[in-house]
Each structure stands twice: as structure tokens, then as C-alpha cells.
Amino acid sequence: MNVLLGLGGSDESVKTLRQTIERTREVGDDLTVVVVDKPEAKRSQDEMYRQAVDQLETVGLDDVTVETLEGDPGSALVNYAEQGEYDQLVIGGGTLSPMGKIQLGPITEFVLLNAPTTVKLVR
């Protein structure tokens, strides 16, 4: 499977990175990682990029492309996905409301509604 992983700088992105790397090692997916610019995120774009590269190198996945995207995070991710032939787009996001319902942020919602491929949401 050809998988595109979209990362911001949140804790959900770190968890999503770990889970996606684990799956890639188990089943041999082709993986591309893109890091969007979210100024309000816990980690900067450069910090998240470095973390992705370091984790991939640690597990021996040196052939994975890791890139940064500029501009609006949701639009940049959807546009990137449209340029490739990806089977799945993986993103982290969503929190639970007090009633137990999932709440999506604006970027996650935009990607879910506009992505040209299947979207896997990791919570």
C-alpha cells in the first residue's frame, strides 16, 4: 500500500508517527511523510521533521521520503495527496467530548472532507 502520513506538531502526530512506522515495518507499506506548518502546535515544523527523520532512521526505514509543506495545513496536505497515487492518507486528530463523541479540529475536518483518497484518522 502506498501511504501518505501527514504530521503537525501535536501529541497526536507523534502517536500517529509511531503507529504508522510500526505498521510500515510489519507489512512493508511504501511510506511518504509530510510535515505541515502549524504555528500553534506544541512542536515546530522543524522539530517535527527532525523527530520523523530520527524515528525512521532508528528503525532502519532510510528510504522513506520526508518533506515539509508550506501554506494552510489542510489545503497543503490535500494538494500533496492529489499529486501522488496514494492508497491511504494517515493523520492524527480528534478528541472526545464529555458525551464521548469525537470532536474534529478544522484542519482534520477539512482533510477528511476533501482528500482524494481514503483517510485513516488515528486518535
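We count residues from 1, following the sequence as given. Source: prediction; values computed, not measured.
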Evaluate side chain to side chain contact (heavy atoms under 4.5 Å, CB included) for Q51 paired with Q55, printing each intermediate quantity in order.
CA-CA 6 Å; Q51 187 168 357; Q55 286 191 27; 3.3 Å; yes
Could you report the tightest heavy-atom contact between [X] and [Y], atom names first, then the distance?
{"X": "L89", "Y": "A115", "answer": "CD2-CB, 4.0 Å"}
{"X": "R123", "Y": "G93", "answer": "CG-O, 3.2 Å"}
{"X": "D87", "Y": "T117", "answer": "O-OG1, 3.1 Å"}
{"X": "A52", "Y": "L17", "answer": "CA-CD2, 3.7 Å"}
{"X": "T108", "Y": "L104", "answer": "CG2-CD2, 3.9 Å"}

Are [X] and [Y] connected, step by step, through hydrophobic side chains (Ile, Leu, Val, Met, Phe, Trp, Tyr) whose heavy atoms are closer than 4.5 Å?
{"X": "V64", "Y": "Y86", "answer": "no"}
{"X": "L113", "Y": "I107", "answer": "no"}
{"X": "V35", "Y": "V90", "answer": "yes"}

Check against side chain to side chain contact (heavy atoms under 4.5 Å, CB included), I102 and L121:
CA-CA 11 Å; I102 189 167; L121 181 63; 3.8 Å; yes
Expected list for residues 3-13: side-chain donor-acceptor pairs under 3.5 angstrom, two or more places apart:
residue, atom, partner, partner atom, Å
S10, OG, E12, N, 3.4
S10, OG, E12, OE1, 3.2
S10, OG, S13, N, 3.1
S10, OG, S13, OG, 3.4
D11, OD1, K42, NZ, 3.3
D11, OD1, R43, NH1, 3.2
D11, OD1, R43, NH2, 2.9
D11, OD2, K42, NZ, 2.8
S13, OG, G8, N, 2.9

What's the separation between atom CG in D46 and atom CZ in R50, rounded to the nearest 0.5 Å?
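Result: 10.0 Å between the selected atoms.
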Output the distance between atom CG (D37) and atom CE (M48), rounded to the nearest 0.5 Å.
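If I round to the nearest 0.5 Å, the distance is 13.5 Å.
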Side chain to side chain contact (heavy atoms under 4.5 Å, CB included), that's the test. Do E82 and V78 meet it? Break it down for me.
CA-CA 6 Å; E82 288 174 345; V78 168; 3.8 Å; yes
Under the side chain to side chain contact (heavy atoms under 4.5 Å, CB included) rule, what do T16 and I91 come out as? Steps first, then yes or no, please.
CA-CA 7 Å; T16 303; I91 58 173; 6.0 Å; no
For residues 25-34, tabulate all N or O donor-acceptor pairs below 3.5 Å that involve a side-chain atom, not counting sequence neighbours.
residue, atom, partner, partner atom, Å
D29, OD2, R23, NE, 2.9

Neighbour count >12 (heavy atoms, 6.0 Å) for atom CD, E40:
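Yes.
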Suppose the criterion is salt bridge (charged side-chain N to carboxylate O under 4.0 Å, His left out): which pairs have a residue in residues 55-81, not counting sequence neighbours?
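As it turns out, there is no salt bridge (charged side-chain N to carboxylate O under 4.0 Å, His left out) pair with a partner in residues 55-81 once direct neighbours are skipped.
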